[in-house]
Amino acid sequence: MKTSEVKNIKHVINGDYIVIPIETGYIKPNEDLNCIIEPAKQIMEDGDYLVIAETPISVSQGRLIDEAEYTPSLTAKFLTTVWSKYLWGYVLGPALKIKKRTIKNLRKLPEETKAHKEVVLQLYGLKHALKPASEAGIDLSNAPGTCVSLLPENPEKVACDLKDEIGKDVCVMIIDTDATYMKNGKYFTGLPIAIEGIDADNGFFGYLKGQLSENMGSTPLGCSEKIDVETGLKIANIAEDYQKSLSTEMKTIHSVKAVLGSEIDEVTIEDLDSITHTPAVIIRKI
């Protein structure tokens with residue numbers, strides 16, 4: 001498809017870039033990614049970027065955990081109620097000037113959060129469970145019932161495989177909305193994984209240091225090319241800007257009911273499939 005023909009398909013302009021959404025239904029557990037690959041084959045040109053959110057990749061890999069199967073330990077209960085809800089919700093959060101939305105959400109943590117903390121403790125350890133919210137990149141908002149999705153397995157390999165299937169000289173990147181931070185010219189994130197050049201797996205300590213550093217936006221988890229961090233962050237944030245513009249964006253568990261009309265633990269695959277999803281965008285330099 002020639003750049004001049006983009007006017008015939010849905011797109012927006014973001015600075016010097018064209019952003020073309022790939023819209024799909026809900027990508028289900030263990031389902032292939034053809035609904036992303038096929039339009040990418042048709043639309044993409046050499047030099048384009050294909051940026052994919054981490055959750056559809058994780059769900060397609062079947063990386064779902066049912067939190068209802070976990071019994072909260074005393075540690076999980078303490079981390080939920082004393083540490084996250086009260087200490088971070090009322091003392092540390094306001095003192096460090098974290099997002100008002102995050103503070104509001106911490107102050108009304110549901111009972112189910114205790115089981116969630118237990119999942120984080122068992123799968124990722126205390127370093128990540130100490131983070132008051134968005135621990136280890138686990139997504140609570142795009143999975144059915146009491147399930148959550150973990151980060152994708154080997155996102156760099158996934159990105160390379162997708163590029164091979166598309167069959168063009170493009171760059172495929174998988175991103176997470178959790179932040180990358182910068183201090184003294186060095187990039188870091190609390191997430192367990194990130195592209196080369198971003199110091200990852202810092203958990204709570206990365207989050208805490210991040211509150212005293214510059215927030216650089218969304219984190220590239222894996223990329224089909226060796227890419228410098230600055231370019232990776234720029235492209236990731238262009239993709240995230242588009243996602244933020246969507247009325248169907250489910251940023252947190254508290255936005256699920258507003259979008260789907262269902263309580264978080266009652267969401268079905270049918271509910272998730274009832275709205276248009278935008279798991280990926282194509283980004284092209286003008």
Side-chain angles (χ1 to χ4, degrees), residues 1-6 9-11 14 17-64 137 139 142 149-178 180 187 189 191-198 200-201 218-240 242-243 276-286:
M1 175 175 288
K2 297 178 181 179
T3 301
S4 60
E5 296 174 353
V6 168
I9 59 177
K10 185 175 181 177
H11 70 279
N14 185 325
Y17 293 87
I18 298 169
V19 183
I20 305 168
I22 293 180
E23 298 180 337
T24 69
Y26 179 65
I27 295 174
K28 300 171 182 65
N30 304 306
E31 184 179 351
D32 61 42
L33 296 171
N34 286 339
C35 60
I36 295 175
I37 295 167
E38 291 307 317
K41 284 181 179 179
Q42 296 174 30
I43 299 171
M44 294 190 79
E45 299 176 352
D46 289 351
D48 286 354
Y49 296 89
L50 176 65
V51 185
I52 312 174
E54 90 290 352
T55 300
I57 301 292
S58 301
V59 174
S60 75
Q61 291 178 335
R63 287 178 59 77
L64 295 177
D139 189 1
N142 286 281
S149 62
L150 309 179
L151 286 181
E153 185 174 5
N154 201 341
E156 182 177 314
K157 182 180 184 301
V158 173
C160 291
D161 289 346
L162 290 173
K163 176 183 176 174
D164 289 344
E165 291 195 59
I166 294 167
K168 297 181 181 180
D169 185 16
V170 298
C171 176
V172 180
M173 186 188 302
I174 298 168
I175 69 169
D176 189 291
T177 55
D178 267 25
T180 286
Y187 298 95
T189 180
L191 287 167
I193 48 176
I195 62 168
E196 185 177 341
I198 300 175
D201 200 27
S218 297
T219 300
L221 301 178
C223 191
S224 62
E225 319 299 307
K226 293 295 182 185
I227 190 170
D228 64 87
V229 175
E230 292 78 10
T231 301
L233 290 169
K234 181 178 182 178
I235 297 301
N237 286 319
I238 291 172
E240 180 61 13
Y242 183 82
Q243 291 291 345
T276 299
H277 294 261
T278 309
V281 295
I282 295 165
I283 298 176
R284 178 176 301 163
K285 188 79 160 59
I286 297 174

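In this text the structure is predicted, and so the values were computed from the model without any measurement.
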Between V172 and D161, does a side chain to side chain contact (heavy atoms under 4.5 Å, CB included) hold up when you go through it step by step? CA-CA 9 Å; V172 180; D161 289 346; over 6 Å; no
*Check the side chains of D139 and T55 for a donor-acceptor pair under 3.5 angstrom, ignoring hydrogens and angles.*
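The answer is yes; a qualifying pair exists.
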With sequence neighbours left out, the residues meeting salt bridge (charged side-chain N to carboxylate O under 4.0 Å, His left out) with E225 are K163
Residues passing the salt bridge (charged side-chain N to carboxylate O under 4.0 Å, His left out) test with E230, sequence neighbours excluded, are none
Legend entry - Partners meeting side chain to side chain contact (heavy atoms under 4.5 Å, CB included) with K234 (sequence neighbours left out):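 Once residues adjacent in sequence are excluded, the partners of K234 under the side chain to side chain contact (heavy atoms under 4.5 Å, CB included) criterion are Y17, I238.
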Applying side chain to side chain contact (heavy atoms under 4.5 Å, CB included) to I193 and not counting sequence neighbours gives L151, P155, L221
For the backbone of D169 and the side chain of D46, can you confirm whether one donor and one acceptor N or O come within less than 3.5 Å of each other?
yes
inquiry  = Determine whether a donor-acceptor pair (N or O, by modelled atom type, separation under 3.5 Å) exists between the side chain of S58 and the backbone of L150.
reply    =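 Looks like yes, one N/O pair under 3.5 Å.
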What is the distance from atom [atom1] of [X] to atom [atom2] of [Y], rounded to the nearest 0.5 Å?
X	Y	atom1	atom2	value
I36	E165	CD1	CD	11.0 Å
C223	L50	SG	CG	10.5 Å
H11	I43	NE2	CD1	11.5 Å
T278	I22	OG1	CD1	9.5 Å
H277	I27	NE2	CD1	9.0 Å
D176	S218	CG	OG	7.5 Å

Restricting to non-hydrogen atoms, name the atom on [X] and the atom on [Y] that form the minimum distance, rounded to 0.1 Å.
X	Y	value
A159	I174	N-CD1, 4.1 Å
I57	L33	CD1-CD1, 3.6 Å
V59	N142	CG2-O, 4.3 Å
K10	P21	O-CD, 3.4 Å
Y26	E31	O-OE1, 3.9 Å
I166	A40	CD1-CB, 3.9 Å

Side chain to side chain contact (heavy atoms under 4.5 Å, CB included) assessment of I52 paired with L162:
CA-CA 11 Å; I52 312 174; L162 290 173; 3.5 Å; yes
Quiz item: What pairs meet the ring pair (Phe, Tyr, Trp, His ring centres under 6.0 Å) rule with one or both residues in residues 30-57, with sequence neighbours excluded?
Solution: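 Every candidate ring pair (Phe, Tyr, Trp, His ring centres under 6.0 Å) pair involving residues 30-57 fails, so no pair, neighbours aside, qualifies.
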Notebook entry, point to check: For K157, does the NZ atom sit with more than 12 other heavy atoms under 6.0 Å from it, leaving out its own atoms?
Noted result: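 No, because the 6.0 Å sphere around NZ of K157 holds 12 heavy atoms or fewer from other groups.
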Decide if atom CD of E38 counts as having more than 12 heavy atoms of other residues, nucleotides or ligands within a radius under 6.0 Å.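 More than 12 within 6.0 Å, yes.
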Residues V158, Q61; criterion side chain to side chain contact (heavy atoms under 4.5 Å, CB included); working and verdict
CA-CA 10 Å; V158 173; Q61 291 178 335; 3.4 Å; yes
- Task: Would you check if M173 and I195 make a side-chain contact, meaning some heavy-atom pair closer than 4.5 Å?
- Result: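 Contact flag for M173/I195 side chains = no.
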Below 4.5 Å, heavy atoms only, C-beta onward: do L233 and Y187 meet side chain to side chain?
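A side-chain contact under 4.5 Å exists here.
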Residues at least two apart in sequence or cross-chain that pass side-chain hydrogen bond (donor to acceptor under 3.5 Å, both in side chains) with D228, listed by chain then number, are T231
